[in-house]
Student: 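Sharing a structure below in C-alpha cells format, with a few things to ask.
Numbers here are sequence positions counted from 1. Order of appearance sets the numbers: ligands from 1, and atoms from 1 within every ligand.
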Amino acid sequence: LVDIWTPPVLTGKRVLITAGATFEAIDPVRGITNISSGQMGMALARACRAAGANVSLVYGQMQTALVAGLAYTEQAISADAMLAAVQRLLPGQDVFISVAAVADYKVRNRSEQKLKKQAGQSVPVIELTENADILATVAARADAPFCVGFAAESEHVLEHARAKRLKKGVPLLVANEVSQAMGKASNQVVLLDDEQETALPQMSKDDTATAIVVRLAQLLARL
Ligand code: CTP
Ligand code: CA
C-alpha cells in the first residue's frame, strides 16, 4: 500500500478562501451587491478539502449551499467585514484564495433609518467611497501566504488579467469572462502564473476548481 499511495496534493496545508458577493448597505433594508453566486468559491473549498487541506471560509451573500466539513466558516457581508475577518484568520495560513466578488465601493452616505419617499422631494443620491482591496492588502503583507486571485472581466480578458496579476502581486491568477462565469454552473478560465498561461476548457466549476488546485500544488511544491 505504501508504494501505491500518494497523499492528496494539499495535505497539511491551511487554506483561507473568500467566496460569494459582498453587500454594501444603503439603509437598513437596501444595499448594493452583485451577481456572484458563490459557486466557484464553494467548488474551490470542496476541491481544497478533497486535496487534504484544512479549509477556512469567509463568505458574503451566496445563492448556493455551504460546503460541509470545512474547518471553519464565517459570514462577512460587507467588504470591510470581510477584510477584518480575513486579517484575523490569516496568521498561520499557507494559501489565500480570493474568490469573493468584493464591492469596489461602499456607500458614503448610508442612512441609519430606512429612506422614506417624500412627495415633491428630489430622489436620493447615493455617494460612493472606495473599499480596501482585500487581496492586494494580503499579498502585500510581509507574512503573506501564497495568494490566488481571480479576475472578472467583460472584455480584453487576458490583457486585463495579466496587468491585474502584476499590480496585485499574486503568483497565481484565474481569469474569467463574467458572462461565462458569474452565476453559472460551469466556467472557462485561464490560469496565469510566473511560468505559463494555461487555458482550460469550459467545464463544471468543480472540475475547474480541481484544475486550479493541481496547478496551485505544483507551484507550492517549487517554493
Ligand atoms: N478583490 C478584493 N477586494 C476588493 C476587490 C477585489 O479582494 N476590494 C479581489 C477579488 O476577490 C479577486 C481580485 O481581487 O480575486 C480581482 O477582482 P476584480 O474585481 O476582477 O478586479 P479589481 O482589482 O477590483 O479591478 P476591476 O474591478 O476594476 O476590474
Ligand atoms: Ca472589482
Student: Salt bridge check, R165 against D194: does any charged N sit closer than 4.0 Å to a carboxylate O?
Tutor: yes
Student: Do ligand 1 and V99 have nitrogen or oxygen atoms that lie under 3.5 Å from each other?
Tutor: no
Student: Does A132, backbone or side chain, put an N or O under 3.5 Å from an N or O of ligand 1?
Tutor: yes
Student: Please check whether T18 reaches ligand 1 - meaning an N/O of the residue sits under 3.5 Å from an N/O of the ligand, judged on distance alone.
Tutor: no
Student: Between R110 and D27, is there a side-chain N and carboxylate O pair less than 4.0 Å apart?
Tutor: no
Student: If we set the cut-off at 4.0 Å for heavy atoms, which region of H160 has an atom near ligand 1: side chain, backbone, both, or neither?
Tutor: neither
Student: Where is the nearest protein heavy atom to atom 12 (C) of ligand 1: which residue, which atom, and how far?
Tutor: F150 O, 3.1 Å
Student: Backbone or side chain, does any N or O of E153 fall under 3.5 Å from an N or O of ligand 1?
Tutor: no
Student: With a heavy-atom distance limit of 4.0 Å, tell me whether A100 approaches ligand 1 through its side chain, its backbone, both, or neither.
Tutor: backbone
Student: Quick check: does D104 get an N/O under 3.5 Å from an N/O on ligand 1?
Tutor: yes
Student: Between the side chains of R215 and E195, is the shortest nitrogen-to-carboxylate-oxygen separation below 4.0 Å, so that they form an ion pair?
Tutor: yes
Student: Under 4.0 Å between a side-chain nitrogen and a carboxylate oxygen: does that hold for E24 and K106?
Tutor: no
Student: For ligand 1, which is the ligand I care about here, please tell me if V102 has any N or O atom under 3.5 Å from one of the ligand's N or O atoms.
Tutor: no
